[in-house]
Amino acid sequence: MSRLPIAAAMAAALVVALGLSRPSAGQPAQNASSQPLIAQASGPVYKPPIRGAPQGRIGGATRGAVGDLPKLEVLAPDHVGWSAADQPTLYWFLSRDATQTVQFVLTVDTQAKPILEIELAKPVKAGINGLALASHGVRLQPLVEYDWSVVIVTDPGQRSSDVLAAGSIKFVPPAGELAGRLAAAPQAGKAAAYAEAGYWYDSIKILSDDVDKAGGSAPARLGRAALLEQVGLADAAAFDRRAR
């Protein structure tokens, strides 16, 4: 699809235009593994692997008028989020159904072309949606920072009016004691364990799986909402609290 590289280019341009940059690379052994793994009744407590880092998330940005479009948020922290898996699931939120063309793009600075660029099936439903990289045969390389974005194309002939939300991700394989502690965490406390260790994408995946398995029950949604609120994703969190 010839339009898709434009979405990737727009993501890169918006990162520059908004003054966003990536934090320096970190290693889990000196940071997250020293944190206690505890479960909270109100939901997991997320401890970012790098504190005070510049922002790495774009939320519903556009260079044109948004008009009557759905609110768009990627479920990513405002820094480079960690994943313990090389084929994570990436989630985003839409305030209502999107009947427009919606694109998903995964890029890395070392490659001119996107690693993955697809057009999602219409309509993209309201609420929290996810895309599993495993379903597309994509694996992240260890300790490499990737950018991913979801784009609502409002006018194929006027791409400056696209609505784009973007986040960043890095695959950081747990090692040593940390790997053992995460593996040993009981299933009921897995999301909290990963959140405490700085693994955002694993925690949100576990909570989202719980929501699906429980048929959207209140405890599952409230746990996810609590995690989303910790990184400022208020609209997605409010959706979970309303839908319970």
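You'll find the side chain of Phe104 reaches within 4.5 Å of the side chain of Leu90, heavy atoms only. With a 4.5 Å cut-off on side-chain heavy atoms, Val153 and Val102 do not count as touching. Annotation: side chain of Leu140 is in contact with side chain of Tyr146 (closest heavy-atom distance under 4.5 Å). The shortest distance between side-chain heavy atoms of Asp212 and Asp210 does not fall below 4.5 Å. A 4.5 Å side-chain heavy-atom check between Tyr91 and Val74 finds every atom pair outside the cut-off.
Listed by chain and number, the residues in a side-chain contact (heavy atoms from CB on, under 4.5 Å) with Val211 are Ala220, Arg221, Arg224 (sequence neighbours excluded). The salt bridge (charged side-chain N to carboxylate O under 4.0 Å, His left out) check on Asp86 picks up Arg139, with sequence neighbours excluded. For Trp200, the side-chain hydrogen bond (donor to acceptor under 3.5 Å, both in side chains) criterion is met by no residue, not counting sequence neighbours.
Ring planes of Phe93 and Phe239: tilted class, angle from 30 to 60°. The aromatic rings of Tyr201 and Trp148 lie perpendicular to each other, with more than 60° between the two planes, well past the 30° mark.
Judged by distance alone, the side chain of Lys190 and the main-chain N or O of Asp202 form no donor-acceptor pair under 3.5 Å.
Using a cut-off of 4.0 Å between Lys/Arg side-chain N and Asp/Glu carboxylate O, Arg159 and Asp155 are scored as not salt-bridged.
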